[in-house]
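This is a predicted model, so every value here is computed, not measured.
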Amino acid sequence: EEDALGLEWWNGGTVVEAIDRLEPPARHPEAPARMCVTNVFKTNNSSLGGVAISGKLDSGCLRVGDKVALLPAIQLATVKGIEVGGAGVTWAFAGENVDVGLHGVELGELAIGDILCDPQNMV
């Protein structure tokens, strides 16, 4: 059958076997918070309330009440609320896709591609 498919030259494993051997990416919860903004929106959701952003937390952790900076404009804000999978939480960790409600910034001051980070450890 391999000859009929023209695969007689291949003597390696399958793609699935190669994927199974991949190691998951390293997450660094102890590192400063970093998140690329993938969406900017306004919501009436009670846990986020108002201006919110979403993205994948690449490193560090976020908690409600944290002060954050949004680059490149260096907009300072406070985390008003966090949702993971649509549920309100008080903490989010590296590797999680999150929605973050912000206090202290306006919708027009944010853009997709901005970087959320710790104001003491900016990118």
Would you indicate whether Asp20, at its atom CG, is surrounded by more than 12 heavy atoms from other residues, nucleotides or ligands within a distance under 6.0 Å? yes

By side-chain hydrogen bond (donor to acceptor under 3.5 Å, both in side chains), which residues pair with Asp66, not counting sequence neighbours? Arg63

Quick one: list whatever passes side-chain hydrogen bond (donor to acceptor under 3.5 Å, both in side chains) with Asn121, sequence neighbours left out. Asp118

Members other than Phe93 in its cluster, when Ile, Leu, Val, Met, Phe, Trp, Tyr link by side-chain heavy atoms under 4.5 Å? Trp91

From the options Val40, Ile115, Val37, select the one residue that forms a side chain to side chain contact (heavy atoms under 4.5 Å, CB included) with Leu70. Val37

From Asp114, Val98, Val68, residue fulfilling side chain to side chain contact (heavy atoms under 4.5 Å, CB included) relative to Met35: Val98

Heavy-atom closest pair (Ala33 atom, Cys61 atom, distance to 0.1 Å) is CB-O, 3.7 Å

Where is the tightest heavy-atom contact between Ala94 and His28, given as atom of each residue plus distance? CB-N, 4.1 Å

If we only count heavy atoms from C-beta on, is the Val64 to Ile82 side-chain gap below 4.5 Å? yes

Is the closest side-chain heavy-atom distance between Leu57 and Leu62 below 4.5 Å? yes

Any side chain to side chain donor-acceptor pair (under 3.5 Å) pairs touching residues 34-43, not counting sequence neighbours? none

Using 0.5 Å steps for rounding, measure from the CG atom of Asp99 to the CZ atom of Phe41.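 Answer rounded to 0.5 Å: 4.0 Å.
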
Quick one: CG on Asn97 to OG on Ser54, what's the gap to the nearest 0.5 Å? 8.5 Å

For residues 101-112, dump all side-chain donor-acceptor pairs below 3.5 Å to protein atoms at least two apart in sequence or in another chain.
from	atom 1	to	atom 2	distance (Å)
Glu109	OE1	Glu106	N	2.7

Below 3.5 Å, can you tabulate the donor-acceptor pairs from side chains in residues 71-80 to any protein atom, sequence neighbours excluded?
from	atom 1	to	atom 2	distance (Å)
Thr78	OG1	Lys67	NZ	3.1
Lys80	NZ	Gly49	O	3.1

